[in-house]
Amino acid sequence: YAAKSQGGNRYGYFTPAMQEAAQTRLRLIADLRGALAADQFWVAYQPIVELATGAVYKAEALIRWQHPVRGLVSPAQFIPVAEETGMIVAIGDWIFREAARQVKRWRAMHHPAFQVSVNKSPAQFLSDDADHPEWFEYLQALGLPGESMVVEITEGLLLDGDAVIKGKLLALRGTGMQVSIDDFGTGYSSLSYLKKFDIDYLKIDQSFVRNLAPNSSDMALCEAIIVMAHKLGMKVIAEGVETEAQRDLLAAAGCDYGQGYLFAKPVEAEAFEQWLLGRAGG
Ligand code: C2E
Ligand code: CA
Ligand code: CA
Ligand code: CA
């Protein structure tokens, strides 16, 4: 890379494969810039099921990008790029408003306490353009209380106990919106942040659920997380529940909620609604 700026024989250092990767990335950035205006994003909803009863009154909103040429692009591919370029702020605002309108509908037709969670990456959380008052004002304009939305953040955001983050989190909680720790258990060894911040839900990462079996070390970890969370006044959501065996083990361990392909894959709002209506007892 240093040789490039010296002018010289740049192709000697910048291989065709590197050049192609760089071009693909630039094209992705350019396409992403136009995607919001071109209406290429849509929101998928995945139910979060209460394990003791099977009731569904929560869902997670997950973004989807329908690219005109490349087809469905995975968030794992474009979310990091959106974060690096700051585009995540506008995309995040858009998905929040979409999700809020769905919550309003699902509160009226399905369950009065229905909640939708949205993911908020550190880049979104730290940006001054994306403050919670605006999100809360949008909820108020729809006649919705703060607790109709949950914000999912990852552990890394809370680790250094930064005063700015603490202030933003307090402001968020002050609106009544709730907070969930996503991918819990994959981030850091120190748990001290759990007592410093007011957290509502822990989401056990799917890597602990995947190989869940009686007496396994993953089982011990899940049980310990559930006991700890309950003692600290938090509810637990297990991610990536794919089998009945996993669900039963989690339910027996006292896990509050489960999310995963066993119940439903993430689908667009209309299909989600049909799924809700089609279930016995709602
Ligand atoms: P995440 O927040 O941990 O979301 C859970 C991921 O697990 C989703 O992938 C979901 O489709 C997938 N999943 C759900 N059930 C199962 C299951 O039973 N088995 C397996 N193997 N996977 C399951 P998805 O939708 O591809 O999203 C990937 C990641 O992209 C998310 O991970 C999140 O970090 C990020 N993301 C998605 N939407 C947004 C968004 O609107 N904003 C931000 N900032 N990030 C988002
Ligand atoms: Ca999430
Ligand atoms: Ca997760
Ligand atoms: Ca994840």
Side-chain angles (χ1 to χ4, degrees), residues 32 35-36 40-49 51 56 58-67 71-100 102-103 115-127 129-130 135 149-157 178-187 199-212 218 222 225 236-247 249-250 255 257-269 271-272 275:
L32 205 49
L36 208 49
Q40 289 165 3
F41 292 120
W42 55 278
V43 186
Y45 296 88
Q46 187 176 35
I48 295 172
V49 179
L51 293 177
V56 177
K58 296 182 194 297
E60 178 175 5
L62 294 155
I63 195 156
R64 295 290 178 262
W65 181 16
Q66 190 68 47
H67 188 282
L72 204 57
V73 185
S74 157
Q77 268 182 285
F78 73 86
I79 290 289
V81 175
E83 281 170 20
E84 287 160 34
T85 55
M87 283 186 264
I88 191 69
V89 173
I91 296 171
D93 287 348
W94 177 82
I95 196 168
F96 180 87
R97 291 192 298 266
E98 286 286 312
Q102 290 300 332
V103 169
Q115 273 185 324
V116 171
S117 61
V118 295
N119 293 282
K120 194 161 191 184
S121 69
Q124 277 172 281
F125 217 90
L126 291 168
S127 160
D129 306 341
W135 281 13
M149 299 298 290
V150 179
V151 176
E152 298 194 4
I153 59 176
T154 48
E155 293 167 271
L157 190 66
Q178 295 190 320
V179 177
S180 203
I181 303 293
D182 208 353
D183 305 342
F184 183 75
T186 61
I199 307 293
D200 299 284
Y201 303 97
L202 292 187
K203 295 190 82 169
I204 300 181
D205 190 67
Q206 51 194 52
S207 60
F208 299 111
V209 174
R210 195 168 298 132
N211 303 309
L212 211 54
D218 282 336
C222 286
I225 292 171
V236 181
I237 300 167
E239 297 189 317
V241 180
E242 295 185 353
T243 69
E244 288 178 7
Q246 291 164 345
R247 180 200 57 198
L249 288 169
L250 288 159
C255 184
Y257 302 94
Q259 179 180 354
Y261 298 162
L262 171 67
F263 308 109
K265 292 199 166 175
V267 290
E268 61 180 319
F272 179 81
W275 179 87

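When a ligand or atom number is given, it counts from 1 through the structure's own listing order. On a predicted model such as this, the values are computed, not experimentally measured, just so you know.
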>> side-chain contact (heavy atoms from CB on, under 4.5 Å) for Ile79 and Ile63? Distances and angles first, verdict last.
In response: CA-CA 9 Å; Ile79 290 289; Ile63 195 156; 3.9 Å; yes
>> One pair to check against side-chain contact (heavy atoms from CB on, under 4.5 Å): Val150 and Asp200. What are the steps and the verdict?
In response: CA-CA 9 Å; Val150 179; Asp200 299 284; over 6 Å; no
>> Using side-chain contact (heavy atoms from CB on, under 4.5 Å), reason through Phe263 and Ile48 one step at a time and then give a plain yes or no.
In response: CA-CA 8 Å; Phe263 308 109; Ile48 295 172; over 6 Å; no
> Stepwise, does the side-chain contact (heavy atoms from CB on, under 4.5 Å) test hold for Glu239 with Asp205?
Replying inline: CA-CA 6 Å; Glu239 297 189 317; Asp205 190 67; 3.6 Å; yes
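Residues Arg210 and Gln246 approach most closely at O-NE2, 3.1 Å, considering heavy atoms. Looking at every heavy atom in both residues, Thr243 comes nearest to Leu262 through O-CD2, 3.4 Å. Shown here for Leu62 and Ile95, the closest heavy-atom pair between the two residues is C-CD1, 4.1 Å.
Residues satisfying the ring pair (Phe, Tyr, Trp, His ring centres under 6.0 Å) test with Phe184, not counting sequence neighbours, are none. Applying the side chain to side chain contact (heavy atoms under 4.5 Å, CB included) rule to Ala271 yields the partners Val267, Glu268; only residues at least two apart in sequence or on another chain are considered. Residues meeting the ring pair (Phe, Tyr, Trp, His ring centres under 6.0 Å) test with Phe78, sequence neighbours left out: Phe41, Trp65.
Not a single heavy atom of Lys203 lies less than 4.0 angstrom from ligand 1. The closest approach between Ser74 and ligand 1 stays at or above 4.0 Å for every heavy atom of the residue. In this structure, Gln124 has a heavy atom closer than 4.0 Å to ligand 1. Every heavy atom of Lys265 sits 4.0 Å or more from the atoms of ligand 1.
Listed by number with element, the atoms of ligand 1 under 4.0 Å from a non-hydrogen atom of Gln206 are 7 (O), 20 (C), 21 (N), 22 (N), 23 (C). Which parts of ligand 1 touch Glu239 is read off a 4.0 Å heavy-atom cut-off, strictly below it: atoms 3 (O). For ligand 1, the atoms lying closer than 4.0 Å to a non-hydrogen atom of Gln46 are 14 (C), 15 (N). Atoms of ligand 1 found under 4.0 Å from any heavy atom of Asp183 (numbered from 1 in listed order, with element): 3 (O). Here is the list of ligand 1 atoms found below 4.0 Å of a heavy atom in Glu242: 17 (C), 18 (O), 19 (N), 20 (C), 21 (N). Atoms of ligand 1 found under 4.0 Å from any heavy atom of Glu60, numbered from 1 in the order shown, are 2 (O), 4 (O). Of all atoms in ligand 1, numbered sequentially from 1 with element shown, those under 4.0 Å from a heavy atom of Pro266 are 11 (O).
The nearest non-hydrogen atom to atom 31 (C) of ligand 1, considering only Val43, Leu62, Ile153, comes from Leu62. Between the choices Ser121, Ser207, Pro75, the shortest heavy-atom distance to atom 27 (O) of ligand 1 belongs to Pro75. Taking only non-hydrogen atoms, the option from Trp94, Phe96, Tyr261 nearest to atom 13 (N) of ligand 1 is Tyr261.
Looking at Asp182 next to ligand 1, an N or O pair under 3.5 Å apart turns up. When only interatomic distances are considered, the shortest N/O to N/O separation between Gly260 and ligand 1 does not fall below 3.5 Å. Not one N or O of Lys120 is nearer than 3.5 Å to an N or O of ligand 1, by distance alone.
Excluding waters, the protein N/O/S atoms found under 3.0 Å from the Ca ion (ligand 2) are Glu60 OE2, Asn119 OD1, Glu152 OE1, Asp182 OD2.
The CG atom of Asp182 sits 8.0 Å away from atom OG of Ser117, with the distance rounded to the nearest 0.5 Å. Between atom CD1 of residue Ile181 and atom CD of residue Glu152 there is a gap of 10.0 Å, rounded to the nearest 0.5 Å. Of the inter-residue distances, the one linking Met149 atom CE with Gln178 atom CD reads 11.5 Å to the nearest 0.5 angstrom.
Put simply, the side chain of Gln124 gets close to the backbone of Ser121: a donor and an acceptor are under 3.5 Å apart.
When side chains are defined from C-beta on, Gln46 counts as touching Tyr261, because their heavy atoms get closer than 4.5 Å.
Heavy atoms of Gln259 found under 4.0 angstrom from ligand 1: none, in either backbone or side chain. Proximity of Val118 to ligand 1, defined as any heavy-atom pair under 4.0 Å, is not found for any part of the residue. Contacts of Ile95 with ligand 1, taken as heavy-atom pairs under 4.0 Å, involve the side chain alone.
The only option from Val209, Leu51, Leu212 that meets the side chain to side chain contact (heavy atoms under 4.5 Å, CB included) definition with Arg247 turns out to be Leu51.
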